[in-house]
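Residue numbers begin at 1 in each chain, while the letters A, B, ... track the order of the sequences.
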Amino acid sequence: MSDARGGEAFARLLAERRLLVCVGPGGVGKTTVAAAMGLHAARSGRKTLVLTIDPARRLATMLGLDGLDDEERPVPVEQLEPLAGAARERAAMYAAMLDTGAAYDSLIKRIAEDEDHRQRIYNNRLYQVMSRSFGASHAYVAMERLYYAMEDGDYDLIVLDTPPTRNALDILDAPGRLSTFLDENVVRWFIRNKQPSSLRERLLSRGGAAATKLLGRIVGEQLVDDLSEFFEVFLSLREGFSRRAERVQRAMRADDCGFVLVSSALATNLVDARFLHEGLAEREVPVEAVVFNRAFIPLDLPAAEPRAARAEALASAICPKGQDDDAARERVREALTSLERLHDVVTAENAAGQRDIDAFCEALAAYCVRVTTPRFDEELRDLSALARLGELLCT
Amino acid sequence: MTDRISLLRRRLLLFTGKGGVGKSTVVAAIAEAAARRGQRPLIVELGHRASMQDIFLGRAGGSGRRRAPKIGHEPVAVRPDGGVWAMNIDLESALFDYVVEQVKVKRIARMITGNRTLDRLFRAAPAVREIVMLNKLRQLERQQQADGAPRWSPILVDLDATGHALMFLEMPRMLRKVIAHGPLRGLVDSLTELFTDRQRTTLCLVTLPLEVPVQETLELYHELTELHEVSIGGMFINQVPAAPLDDAAIAALDELETRARASDDVAAQREVLADVTLARRMVASYRHARAQVERLRELGLPTAELPRMYLRSGEALDLEALGERALTGLEGGDA
């Protein structure tokens with residue numbers, strides 16, 4: 001059902017862009033689509049990286065890997081035939097999973113000044129809590145991970161998978177929050193100078209006694225001290241954070257980056273997808289392509305009219321009078337009646353889905369590529385199934 | 001890990017599930033069913049995109065939409081006849097509520113939350129958002145009517161995503177490590193007490209009969225039961241398909257194929273074979289879904305199967321009927 005132009009245009013995105021960000025509601029197969037995109041680009045001759053957030057084992061298995069973690073692992077694409085006419089030299093695919101805790105640790109390892117500084121950060125209790133448990137910090141680290149891959153990875157294309165709908169926009173807002181977090185005024189409020197005196201002394205000396213007392217009353221004095229240390233160890237990282245965040249933000253808004261919205265044809269998913277589409281528009285990030293995944297049930301006989309009436313004729317055709325007994329004919333007729341009814345139900349369902357897709361598409365910009373994929377009989381299990389999905393997206 | 005206390009007798013029901021499994025719909029449906037049984041349900045969203053606004057108020061057409069109240073930080077009745085309340089905890093208001101609770105004087109609280117530097121700090125510092133939201137939940141749970149009865153029964157919390165539930169439950173434990181004493185410690189302790197009180201609080205899992213969501217639900221269940229004291233009060237499986245064909249038709253598929261292949265009528269043969277292919281595809285998908293349901297049922301939790309609904313744009317849902325079905329499903333699973 002995906003029109004040819006959609007598929008071709010989608011293939012062009014995979015062939016030309018350097019960064020593709022997949023966003024979409026949960027449960028629509030977004031991670032699988034991201035992996036299929038990366039795989040297709042690799043088979044077309046590009047060196048690609050898929051950065052996923054999905055911790056499910058199934059994805060690693062599908063990619064032919066033992067597991068997925070922060071490390072970029074080569075996917076055995078050589079098992080598959082390269083696509084016709086594809087250059088072989090650079091064709092390769094890598095995959096890594098964003099594990100917030102591990103990614104934080106390796107980030108600190110990369111950017112801390114020295115071993116002592118690194119240990120102080122690792123040992124700070126607030127760092128431990130923040131890097132291991134809080135959702136909001138995911139976006140910071142996703143961004144850092146992306147930066148690292150962009151700088152060090154020598155990739156032709158990076159496909160970034162994002163968390164479901166509501167948090168997906170964080171990745172665009174993160175630098176804002178990050179700079180708030182490490183806002184000069186906030187940090188300076190805590191750390192007036194680099195002299196090793198306690199926070200309270202410092203604040204008292206600057207006349208912040210009343211404020212500190214209040215803060216202590218609200219959150220407890222011990223936490224104020226921990227917070228101060230936390231800011232202190234992060235202070236030196238601030239400049240680097242902001243610089244990298246800016247670079248990633250520029251990369252995400254550059255011409256060679258595209259946002260791909262993945263949805264299904266179900267109304268509940270489309271509502272979430274619309275929310276995302278609007279959120280991206282507010283942030284002046286255009287959606288380059290929409291994938292309506294698993295949007296219809298493939299039918300071998302596209303029925304123009306209801307088929308319920310066909311049961312009788314078909315029964316007579318395959319079970320002619322005189323050749324079979326009445327019981328057999330009745331059995332065949334009844335079974336075919338059920339089958340034709342099912343066919344009509346599925347046809348109606350597909351049509352309703354298509355109507356909702358069409359309504360959704362009215363809000364899309366003219367340049368936005370639209371692709372629709374069918375529901376597979378079984379869930380995708382291996383690299384060749386993933387390759388098939390990639391081909392479907394591009395034809 | 002389950003407690004045989006009927007769901008609606010608990011005070012705090014936490015609903016969790018991967019995005020896209022229809023969690024908000026289940027929450028709304030159970031609230032409707034609770035109202036029908038004469039309770040005072042309050043639905044709480046945690047500051048994310050307001051699904052309840054769409055579910056309860058968005059679907060009213062034309063002028064009704066304009067007059068519909070907005071779900072905000074204070075509970076509002078979301079049905080024309082009252083009976084179901086909803087709110088969406090707002091970070092700023094929850095922060096203010098928390099500060100008022102600590103310093104007792106609103107003027108001082110306003111001074112604190114109005115301080116630009118402190119405000120930035122609160123927005124940016126780790127865990128502030130989660131702490132003040134949990135605190136708000138605790139306040140709601142304690143509210144009483146004039147006669148001393150709980151103001152809300154039950155409180156249904158629509159958690160954002162799978163990870164969110166774990167994080168919420170983990171939070172008091174994590175914070176205990178960071179906070180040894182001080183006012184926050186008291187809060188953390190009372191949160192721990194609330195969440196682990198199996199009489200008052202229970203967690204409900206919402207999922208779909210598909211391989212990936214089921215796998216995640218099983219993993220979540222094991223993580224929850226290994227790490228936490230929290231009770232798991234029920235499992236809701238959404239979008240469970242009905243059998244696509246009657247047994248007789250399924251049994252006849254092979255025969256139809258054989259007969260079609262033997263037929264001289266090429267057009268009829270093609271049509272019947274296509275029909276058989278589609279039927280097999282639908283039966284396989286149905287059986288796959290049933291197998292997933294069975295995997296979930298092996299946990300032995302009270303489990304409700306909810307029917308598959310092809311909701312298309314503009315279609316309204318009979319929430320009350322769905323809620324009744326969810327509750328009776330649980331009770332059936334309980335037997």
Side-chain angles (χ1 to χ4, degrees), chain A residues 25-28 56 58 125-126 129-130 133-137 164-166 177 180-181 183 185-186 189 211 214-215 217-223 226-227 266-271 275 297 299-301 310 314 317-319 331-332 334-336 338-340 342-343 346 349 352 356 359 377 379, chain B residues 18-22 48-49 54 99 102-103 112 117-118 120-121 123-127 129 160-161 163-164 167 170 174 177-185 208 211-213 215-216 244-246 248-249 252 256 259-260 263 265 268 271-272 274-275 277-279 281-282 284 310-313:
Chain A
V28 300
R58 196 186 59 96
R125 285 179 294 186
L126 279 173
V129 173
M130 185 189 79
S133 47
F134 300 116
S137 67
T165 319
R166 288 162 184 160
R177 292 184 60 171
T180 308
F181 181 44
D183 181 278
N185 289 322
V186 175
W189 197 73
L214 276 177
L215 189 62
R217 230 169 116 184
I218 307 164
V219 300
E221 287 178 2
Q222 183 216 350
L223 194 59
D226 276 342
L227 207 51
L266 287 176
T268 45
N269 291 144
L270 288 171
V271 167
F275 167 80
I297 297 164
L299 289 172
D300 295 344
L301 276 183
R310 292 287 296 147
L314 289 175
I318 66 165
C319 200
R331 191 169 63 235
V332 166
E334 277 184 6
L336 277 170
S338 297
L339 258 59
E340 300 309 340
L342 178 65
H343 201 289
V346 170
E349 209 177 288
D356 281 355
D377 290 354
E379 297 188 44
Chain B
K18 196 179 155 85
V21 299
H48 48 73
R49 191 177 67 80
D54 290 344
V99 175
Q102 297 305 322
V103 301
I112 293 171
T117 307
L118 275 179
R120 280 164 177 241
L121 170 69
R123 281 165 187 275
R129 183 190 149 85
D160 209 1
H164 216 153
M167 191 187 74
E170 195 113 323
M174 296 294 294
K177 281 192 220 157
V178 181
I179 303 156
H181 39 74
L184 266 182
R185 178 61 193 227
L208 296 177
E211 195 166 321
V212 179
Q215 188 57 37
E216 282 195 20
L245 290 171
D246 50 275
L256 290 182
R259 285 181 183 274
S263 169
D265 186 335
E271 280 182 62
V272 173
D275 286 337
T277 305
L278 174 67
R281 189 175 277 159
M282 298 304 283
Y310 295 104
L311 258 206
R312 295 300 174 186
S313 310

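- With values rounded to the nearest 0.5 angstrom, Leu245(B) atom CG is found 6.0 Å from Ser338(A) atom OG.
- Within the 4.5 angstrom heavy-atom criterion, atoms from both the backbone and the side chain of Asp275(B) approach chain A.
- The most heavy-atom pairs under 4.5 Å with chain B, out of Leu314(A), Asp300(A), Asn269(A), come from Leu314(A).
- Contact annotation for Val28(A): neither backbone nor side-chain heavy atoms come within less than 4.5 Å of a heavy atom of chain B.
- The minimum heavy-atom distance between Leu299(A) and Arg281(B), with the atom names listed, is N-NH1, 4.5 Å.
- Heavy atoms of Gln215(B) lying under 4.5 Å from chain A are absent altogether.
- If you take CG on Leu336(A) and CD on Glu271(B), they are separated by 10.0 Å, rounding to the nearest 0.5 Å.
- Glu334(A) has its side chain out of reach of Asp246(B): every pair of non-hydrogen atoms, C-beta onward, lies at least 4.5 Å apart.
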Query raised in the report: Where do Leu339(A) and Leu278(B) land on the side-chain contact (heavy atoms from CB on, under 4.5 Å) test, with the steps shown first?
Result: CA-CA 8 Å; Leu339(A) 258 59; Leu278(B) 174 67; over 6 Å; no
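- Pro244(B) touches chain A through backbone and side chain together, each having a heavy atom under 4.5 Å away.
- Listed options Leu208(B), Leu256(B), Thr277(B), Asp265(B) were ranked by heavy-atom pairs under 4.5 angstrom with chain A; first place goes to Leu256(B).
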